[in-house]
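Presented below is the structure to which this report refers.
A note on names: the letters A, B, ... follow the listed sequences, proteins ahead of strands, and every chain is numbered from 1.
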Amino acid sequence: MAEHNRQEEKLLKLRHSTAHVMAEAVLQLFPDAKLGIGPPIENGFYYDFDLPSSLTPDNLEEIEKRMKEIVKQNHSFKRKIVSKAEARELFKNQPYKIELLDELPDNEEISVYEQGGFTDLCKGPHLDNTSEIDPEGFKLLTVAGAYWRGKERNPMLQRIYGTVWQSAKELRTHLQQLKEIEQRDHRKLGKELDLFSTHEEAGPGLIYWHPKGARIRLVIEDYWRREHLKNGYEILFTPHIGKAQLWETSGHLDFYRESMYSPMKVDEQDFYVKPMNCPFHILVYKSDIRSYRDLPMRWAELGTVYRYERSGVMHGLMRVRGFTQDDAHIICTPEQIEGEILEVLRFSLKMWAAFGFSEIKAYLATRPKKSVGDEKSWSQAVDSLEKAIEAEGLDYEVDEGGGAFYGPKIDLKVKDALGREWQMTTIQFDFNLPERFDMTFVDRDGREKRPYMVHRALLGSLERFFGVLIEHYGGAFPVWLAPLQAVVIPVAPPFNQYAEKVAKKLEDADIRVEASVGEQRMNAKIRDAQNKKVPYMLILGEKERSESTVSIRTRKGEQIKDLKIGECISYIQDKIDKKELL
RNA sequence: GCCAGAAUAGCUCAGUGGCAGAGCAGCUCACUCGUAAUGAGCAGGUCGUGGGUUCAAAUCCCACUUCUGGCUCCA
């Protein structure tokens, strides 16, 4: 562990120091550049510059070349402590640095690092010498706009992102990884595999599910509904729009308006498209007097919501304006809450396992400064969340004060096949809506009491989940999810009839299958099926026809020969039932 | 929303002011072929949209739309 930390520490220094070298190179090439900040980040570093003109890819190459020269000059990184006045003199031409200086508390030690002719205001730590940077171990990747200190009112600087590693070999591995990420990009695969699209003429951030994508969604939804019904949930369907008054009661028009689509006027009334399902579920709750005997209520809905996202933030399926949440609301008594939370967490983990995700980390967000609800409820809520995480033995972090104003929450991040974390599941207390809607239940003592309410989405949204799923599997879905599970390929046209017969039998056994009886040659058909990432290709010719068998070729290229048709069907069905990859 | 870049055939892309191209996919025809591309032919475009400059615009300029990389945002 100590060794691990030392490695981390070393990488951090390397990255931070390379950022300084880049800043030096930029200043040499553009003496008027004003420096922002340049920290190390995951896999590399960035540095922000205020420059009179925008940087081009050619500039990046120049900068990179200059950096290599600097590195080879073996400058040492020298740390110096200076007074505020000295620092101010040192950075008199660097307004952003002066701004940072001004904000440092007076008692704090001010350090600067110097290498070659370049000095930067910096806490450190750094390497001892530029020679510790492998000139073939780094690469500048992209240039992007970034607001000074992340504030929208501030000027926009140009940020150069770079990656740096201890050796050229590690850099190559990282670049290979970036290529792999690009290959698996759900937008690219979505097009190649004909899964979904968006349309310029119809509006951004709105997803069209094509037959193959929709097929996968159907399988996901079917599984989701069945599991919910098996786990004590009821399923609701609610409308897509509601009157302004409803959103006033819920508080959405006060706190969430900028994320909502503009209202439409119908019969002199303003109607809003729903950005959330909760108020609708609450209306169902309030349609009757509820007894403690009725609780807990667990109501789930695949509810399609629309939220206004700023134009620059949309991203494939991951960030959209219209999406379907796998939403549910649990309404229960305070005594029931601990058990309910534990059940939700268990259910969630089961769901993730089914879809092939096993590395999961929890993030517990507690009470922020501004919040509603009493102290006792909050601490009970946080307590039940924490207990559930611990009972499931999940790795977790606490985000102190990171909860919403209306309640604490657990978010789950799942790790995909490339080791990237995605925030998906959220389990969220709500002390606000039950109050606003005056939700009650009649308790054992005959008195009306306020129930607890928990929002939860396991997969998050179907769109985003689908995006993650595509990238996790690189488009090669496990058999149970694959839109097409098998293709029957005759070696030549005379066996078309037998191919169709086999396909029919699989179809009767609920396997999604096609007979490839076109005029192409067998090799072309195999290639075609391979490119579509169909799990199984069933090859057949004279031998198979005479013996009523097939030969399976998996998309990994493995062959299983001479299976009777019935054996082939049970083979595939078994893989489907067990939710295996192949 | 902001900064920067991009948009050419269904897809991937070439084309820097002078007749709009290629490969794949599609269609037609031929072929009895055993585990990743058989061959030949045909068809396919208001060069994202609108305006401007020019004898002439895919190409230069302006606006808009959408996408990409970031920033910001995500009660």
Side-chain angles (χ1 to χ4, degrees), chain A residues 36 46 48-51 53-57 59-60 141-161 182 185 187-188 191-194 197-206 250-260 275-276 278 307-316 318-319 321 368 370-372 403-407 409 423 426 428 430 432-433 487 489-496 518-533 537-544 550-561:
Chain A
Y46 68 78
D48 289 343
F49 305 96
D50 193 347
L51 291 163
S53 65
S54 20
L55 292 166
T56 63
N59 292 141
L60 282 195
L141 298 174
T142 52
V143 52
Y147 298 108
W148 166 238
R149 316 193 84 180
K151 297 256 167 47
E152 230 169 305
R153 303 177 307 277
N154 286 343
M156 184 158 281
L157 310 181
Q158 297 187 63
R159 174 172 298 176
I160 303 177
Y161 282 93
E182 207 180 304
D185 190 309
R187 294 165 300 181
K188 178 179 148 82
K191 196 174 269 183
E192 280 173 13
L193 300 175
D194 196 17
S197 60
T198 57
H199 296 273
E200 184 180 343
E201 59 270 51
L206 304 170
S250 70
H252 285 91
L253 284 180
D254 281 338
F255 300 109
Y256 202 71
R257 184 179 228 128
E258 47 318 343
S259 295
M260 290 170 71
M276 294 185 192
C278 19
R307 296 180 186 174
Y308 173 76
E309 295 282 0
R310 294 167 83 177
S311 61
V313 305
M314 260 88 68
H315 180 88
M318 303 297 191
R319 190 75 183 270
R321 283 186 177 159
K370 271 176 73 178
S371 57
V372 301
F405 75 85
Y406 52 80
K409 63 172 178 175
Q423 202 239 288
T426 181
Q428 212 155 346
D430 194 326
N432 184 43
L433 288 181
V487 179
I489 299 175
V491 302
F495 310 107
N496 280 354
E519 287 175 20
Q520 299 152 290
R521 293 177 51 170
M522 178 199 63
N523 281 319
K525 289 176 181 176
I526 289 174
R527 186 183 143 84
D528 193 44
Q530 199 75 48
N531 286 339
K532 286 183 185 152
K533 306 186 196 290
M537 285 153 256
L538 311 183
I539 315 282
L540 42 81
E542 183 51 47
K543 184 172 187 307
E544 287 79 4
V550 299
S551 156
I552 297 182
R553 179 204 157 96
T554 71
R555 69 180 163 216
K556 278 167 91 181
E558 300 149 341
Q559 292 182 35
I560 308 165
K561 297 211 167 182

Atom CZ of A/R307 and atom P of B/A75 are separated, to the nearest Å, by 9 Å

In whole angstroms, the gap separating C1' of B/G69 from NZ of A/K188 amounts to 17 Å

Of B/U38, B/C33, B/C3, the nucleotide closest to the side chain of A/M156 is B/C3

Any N or O donor-acceptor pair linking the side chain of A/R319 to the base of B/C73 at under 3.5 Å?
yes

Distance col, row A/F495:CZ vs A/E544:CD, nearest 0.5 angstrom, shows 9.0 Å

Whole-Å distance, A/E152 CD to B/C3 C1', equals 12 Å

Rounded to whole Å, CG of A/N59 lies from P of B/A4 at a distance of 14 Å

**Report entry** Donor-acceptor pair under 3.5 Å, A/Q559 side chain vs B/G34 base
**Finding:** no

In Watson-Crick or G-U wobble terms, with both distances under 3.5 Å, the base opposite B/A58 is none

With the side chain defined as heavy atoms from C-beta on, A/E309 is closest, among B/A75, B/U72, B/C73, to B/C73

In Watson-Crick or G-U wobble terms, with both distances under 3.5 Å, the base opposite B/C74 is none

Using Watson-Crick geometry (N1-N3 plus N6-O4 or O6-N4) or G-U wobble (N1-O2, O6-N3), each under 3.5 Å, B/A30 is paired with B/U38

RNA chain B nearest-nucleotide lookup for A/Y308 and A/N531: closer to the 5′ end is A/Y308

Whole-Å distance, A/Q158 CD to B/G5 C1', equals 12 Å

Closest to the 5' end of RNA chain B, once A/E558 and A/C278 are matched to their nearest nucleotides, is A/E558

Is it true that a side-chain atom of A/K525 and a backbone atom of A/V487 form a donor plus acceptor pair closer than 3.5 Å?
no

When both distances are under 3.5 Å in a Watson-Crick or G-U wobble arrangement, the nucleotide paired with B/C24 is B/G10

Any strand, both distances under 3.5 Å, Watson-Crick or G-U wobble: B/G5 pairs with B/C67

| Verdict with supporting geometry, A/I552 and A/E558, side chain to side chain contact (heavy atoms under 4.5 Å, CB included) | CA-CA 8 Å; A/I552 297 182; A/E558 300 149 341; over 6 Å; no

Check: Reckon A/Y46 has a side-chain N or O less than 4.0 Å from the OP1 or OP2 of B/G69?
Finding: no

Once hydrogens and angles are ignored, does a donor-acceptor distance under 3.5 Å link the base of B/U66 to the side chain of A/T198? no

OP1 or OP2 of B/G69 versus the side-chain N and O atoms of A/H315: is any pair under 4.0 Å?
yes

Is any side-chain heavy atom of A/C278 less than 4.5 Å from a side-chain heavy atom of A/D430? no

- Tell me what A/A524 touches on the nucleic acid: a base, only sugar-phosphate, or nothing, going by heavy atoms under 4.0 Å. sugar-phosphate

So, does A/R553 get its side chain near the phosphate of B/A36, meaning an N or O under 4.0 Å from OP1 or OP2?
yes

Per atom distances to the A/E200 side chain, the nearest of B/A37, B/U35, B/U65 is B/U65

Taken to the nearest whole Å, CD/A/Q428 to P/B/C74 is 14 Å

Taking B/U35, B/A37, B/G69 as options, the one with an atom nearest any side-chain atom of A/R187 is B/G69

Output for pair (A/I560 CD1, A/L538 CG), nearest 0.5 Å, gives 10.0 Å

Q. Under 4.0 Å: is that the gap between some side-chain N or O of A/K191 and OP1 or OP2 of B/U12?
A. yes

